[in-house]
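Start at 1 and go down the list; that is how both ligands and their atoms are numbered. The analysis underlying the following values was restricted to heavy atoms, covering all of them including side chains, and did not include hydrogens, waters or symmetry mates. In this text the structure is predicted, and so the values were computed from the model without any measurement.
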Amino acid sequence: MKKIIIASDHGAIFLKSQIITFLKTKNCEIKDMGVDSEDSVDYPDIAADACREFNLGGYDFGILLCGTGIGMSLAANKIKGIRCAVVHDLFTAEMAKAHNNANFLAFGGRVKYSAPVTGMIDIFMNASFGDERHIRRVNKIMKIEDQC
Ligand code: RB5
């Protein structure tokens, strides 16, 4: 059973509930870190809390949601160990796992996607990472954290 953390700002609460419904059909264990209201909040706070929770361990991956997915991903990628990918179709969802071994996906509640977000999550969950050249490249990404 996959354990997934999910968090949203006020720009994607409907999308968050759609994703949670989908993940339950896949028997995932879900840690929902809010928010559940359209009252305005600051996405960097939500992203940082969710990524720090993820870094405590035990999670397979996380999902961050805001109006576009962009702000959440920018904030998440400041946290050590996080590789948050903004994906926008089935191809980039699959590559986020196969090439980048992303541990967070970011989506936007105000974005018009060509494919359902749940389909992108499904393809990400079923993709595999492990090709030697992609391992080498992702290791290089993570080393940058120690060189700043
Ligand atoms: C909030 O209005 C909006 O800026 C936020 O949800 C997100 O889209 C930022 O990247």
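- For ligand 1, the protein residues within 4.0 angstrom (heavy atoms only) are D9, H10, Y43, C66, G67, T68, G71, R110.
- Geometrically, K97 does not engage F129 in a cation-pi contact, judged by NZ or CZ lying under 6.0 Å from the ring centre and within 45° of the ring axis.
- Counting only residues at least two apart or on different chains, the side-chain hydrogen bond (donor to acceptor under 3.5 Å, both in side chains) pairs with a member in residues 103-124 are D122-N126.
- Among residue pairs with one or both ends in residues 6-20, those qualifying as side-chain hydrogen bond (donor to acceptor under 3.5 Å, both in side chains) are K16-D32, K16-D36; sequence neighbours excluded.
- Chaining together hydrophobic side chains whose heavy atoms lie under 4.5 Å apart places L74 alongside I70.
- Within a 6.0 Å radius of NZ in K3, more than 12 heavy atoms belonging to other residues, nucleotides or ligands are found.
- With salt bridges taken as basic N to acidic carboxylate O contacts below 4.0 Å, one links K80 and D146.
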